[in-house]
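Worksheet: the structure to be examined is printed underneath.
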Amino acid sequence: MLRGRLPVTHMSSTIAPVKPSGTAGPKEVELVLVKEQNGVQFTSSALVSPSGQTHPSGEERETWGKKIDFLLSVIGFAVDLANVWRFPYLCYKNGGGAFLVPYLFFMVIAGMPLFYMELALGQYNREGAAGVWKICPLFKGVGFTVILISLYVGFYYNVIIAWALFYLFSSFSGELPWIHCNNTWNSPNCSDLNSTLLNDTYKTTPALEYFERGVLHLHESSGIDDLGLPRWQLTSCLAVVIVVLYFSLWKGVKTSGKVWIEAATQICFSLGVGFGVLIAFSSYNKFSNNCYRDAIITSSINSLTSFFSGFVIFSFLGYMSHKHNVALDKVATDGPGLVFIIYPEAIATLPGSSVWAVIFFIMLLTLGIDSAMGGMESVITGLIDEFKFLHKHRELFTLFIVVSTFLISLSCVTNGGIYVFTLLDHFAAGTSILFGVLIEAIGIAWFYGVDRFSDDIQEMIGQRPGLYWRLCWKFVSPCFLLFMVVVSFATFNPPKYGSYYFPTWATMVGWCLSISSMIMVPLYAFYKFCSLPGSFCDKLAYAITPETEHHLVERGEVRQFTVSVMAAFMCTAEQGRLHKFHG
């Protein structure tokens with residue numbers, strides 16, 4: 001079946017400073033051509049908007065093959081390893097059910113509204129994380145911030161998948177290698193005793209020693225300043241992961257207090273807000289796709305998955321606590337220890353343990369690969385949309401990104417690689433992701449304007465967002481995010497792994513990594529401001545006016561500015577139609 005389109009109306013070339021609510025773009029008639037043996041039959045269909053089919057630059061932009069492809073990709077990215085190891089641990093650490101209060105509260109006032117905002121932002125502008133800020137060029141730096149965050153997370157996230165792949169291969173045996181202490185990697189401290197094991201400081205479990213000595217070879221490193229060479233077994237697994245990621249991405253989407261701080265960060269991690277992935281994925285949607293419904297469905301599924309995994313995981317932890325006759329806090333741990341030590345040990349006690357281990361690590365692989373693909377797609381789409389010449393070389397550029405990621409990730413598969421992993425995990429997407437989402441919310445709500453953003457959504461799905469969403473975007477979410485960023489800095493704790501505390505220089509390197517992404521916001525704003533023509537107020541007008549309306553600034557039809565004595569950078573309109581700071 002072939003499809004063709006013929007123009008029906010021709011709109012005026014004049015672009016109004018403020019588009020009225022519900023304004024529709026140019027319409028076209030869609031003709032469906034059905035080839036038959038005896039000729040061609042033409043059948044006309046409903047009017048459609050061309051906006052959903054082409055890239056803003058005029059080029060064709062690919063879209064998802066099916067709606068379900070988009071939903072599964074977003075759900076696959078949102079439901080990741082954080083649901084399995086981070087959420088249950090934070091629940092236990094912060095009072096169990098008490099943690100659900102700030103978690104659900106932050107989900108309602110920030111998580112879901114920001115999730116919805118990013119889906120709508122990407123779908124309407126049909127660009128990656130940096131390109132969407134053509135609506136307010138001054139804020140394009142936040143696009144590069146989230147791209148860098150996704151890139152940094154990829155440096156260590158792929159290593160988790162490599163560990164899972166290593167465990168999967170090890171599970172194809174008659175007896176799991178982490179059951180007994182008679183292996184070459186075991187130390188004299190290893191003990192199979194169940195009752196007193198965890199109460200003895202000098203005893204270790206076979207599962208612990210398999211992970212730290214058999215897989216990581218941590219005992220051959222004295223710290224982060226003694227990494228050693230990459231282990232060939234883990235390097236091979238990492239290479240397999242990178243190859244899978246490349247062939248999944250090279251053609252594009254058609255191939256398929258303290259408690260409150262932790263609750264806020266978990267929302268960002270779990271929903272994927274602030275990584276640019278939602279913007280990248282939604283930019284390939286059809287223009288009229290119902291992004292509101294998508295936001296509700298995917299965020300709800302993600303939270304329900306977290307709750308369900310919490311029930312399952314605490315059943316495991318309770319069983320291990322009973323088995324070792326120790327308190328629950330002796331077995332409840334965060335991160336790799338939970339997934340690669342506690343879970344395997346519990347699985348080893350089940351009948352047919354090898355089969356269950358294979359199933360478990362296949363689950364980890366699928367959770368990890370989906371999220372790793374999303375993060376990598378955010379980087380690729382964001383940069384390709386910003387630097388147009390890369391469109392024709394997507395395969396080569398994708399190869400460059402994945403190979404670069406592989407080379408940097410090699411530092412995490414050395415003898416002391418777990419220290420590099422911990423450092424990256426602590427700094428790559430902590431305070432920086434909260435900062436990035438805060439700047440996104442401010443740019444959309446206070447500079448582009450909530451009313452104008454609502455008009456964009458109405459143009460896509462036929463209805464404006466309700467008062468609840470608009471209030472969250474404009475006031476509630478930015479205020480809470482600002483509070484979280486400030487408290488996150490104030491309550492900083494240096495990283496550590498087990499009993500190992502990182503040296504000061506390592507902590508400083510971590511802060512440099514975190515700041516390197518956040519600093520993109522002021523750096524790009526300064527660059528953009530200096531590169532624009534005219535006086536100070538002219539520069540500011542260009543910087544916060546959508547690029548499609550810069551000709552109105554040139555004609556003086558948007559706004560002129562004066563500097564207020566009360567606030568050095570607050571400008572008021574002197575003439576023309578004001579279309580900023582409304583909503």
Side-chain angles (χ1 to χ4, degrees), residues 80-82 85-86 148-167 185 208 210-242 245 265 269 275 333-341 364 368 371-372 375-376 379 401-433 492-518:
D80 67 344
L81 296 172
W85 76 29
R86 184 176 174 86
L148 281 177
I149 291 174
S150 291
L151 187 63
Y152 294 161
V153 170
F155 292 159
Y156 71 91
Y157 197 89
N158 295 332
V159 176
I160 304 174
I161 309 173
W163 290 341
L165 186 60
F166 185 94
Y167 267 78
W185 57 79
L208 173 63
Y210 178 72
F211 178 61
E212 292 192 342
R213 298 172 67 91
V215 178
L216 303 182
H217 289 259
L218 184 59
H219 60 289
E220 299 180 26
S221 170
S222 60
I224 195 171
D225 52 356
D226 179 28
L227 296 181
L229 296 175
R231 308 295 306 185
W232 72 265
Q233 299 95 332
L234 290 178
T235 301
S236 301
C237 292
L238 182 61
V240 171
V241 172
I242 292 298
L245 287 176
T265 307
F269 264 104
F275 288 95
T333 183
D334 187 16
L338 186 62
V339 173
F340 295 105
I341 298 175
L364 288 187
S371 298
M376 203 71 75
V379 175
I401 292 294
V402 297
V403 169
S404 300
T405 300
F406 171 75
L407 294 176
I408 296 175
S409 299
L410 287 177
S411 62
C412 295
V413 295
T414 57
N415 294 334
I418 190 65
Y419 300 123
V420 180
F421 174 93
T422 303
L423 196 69
L424 289 171
D425 185 40
H426 197 84
F427 287 101
T431 302
S432 57
I433 195 172
F492 169 76
N493 290 318
K496 69 185 186 73
Y497 179 78
S499 60
Y500 176 81
Y501 287 86
F502 286 76
T504 303
W505 68 264
T507 302
M508 296 302 297
V509 169
W511 271 116
C512 289
L513 182 76
S514 182
I515 293 173
S516 68
S517 60
M518 293 187 284

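Each residue takes its place number in the sequence, starting with 1.
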Could you state the interatomic distance from [atom1] ([X]) to [atom2] ([Y]), rounded to the nearest 0.5 Å?
X    : Y    : atom1 : atom2 : value
I401 : L151 : CD1   : CG    : 6.0 Å
L81  : I161 : CG    : CD1   : 7.0 Å
T504 : F502 : OG1   : CZ    : 12.5 Å
L218 : Y500 : CG    : OH    : 10.0 Å
I242 : S404 : CD1   : OG    : 10.0 Å
L165 : N158 : CG    : CG    : 12.0 Å

Is it the case that the side chain of [X] and the backbone of [Y] share a donor-acceptor pair, with hydrogens and angles ignored and the cut-off at 3.5 Å?
X    : Y    : answer
S514 : A428 : no
H426 : N493 : yes
S411 : I408 : yes

Validation row: [X], [Y] side chains within 4.5 angstrom (heavy atoms):
X    : Y    : value
F340 : V215 : no
T414 : L410 : no
D425 : Y497 : no
L424 : C412 : yes
V159 : V413 : yes
L216 : W163 : yes

Could you report the tightest heavy-atom contact between [X] and [Y], atom names first, then the distance?
X    : Y    : answer
S371 : Y157 : CB-OH, 3.4 Å
I149 : A429 : CG2-CB, 3.8 Å
F275 : I433 : CE1-CD1, 3.1 Å
L513 : S516 : O-OG, 2.6 Å
L227 : V420 : CD2-CG2, 3.7 Å
G228 : N415 : CA-ND2, 4.4 Å

Please report whether the ring centroid of [Y] lies less than 6.0 Å from that of [X].
X    : Y    : answer
Y419 : F421 : no
F492 : F427 : yes
Y210 : Y167 : yes

- Message: Evaluate Y152 against S432 for side chain to side chain donor-acceptor pair (under 3.5 Å), listing each step before the verdict.
- Response: CA-CA 11 Å; Y152 294 161; S432 57; over 6 Å; no
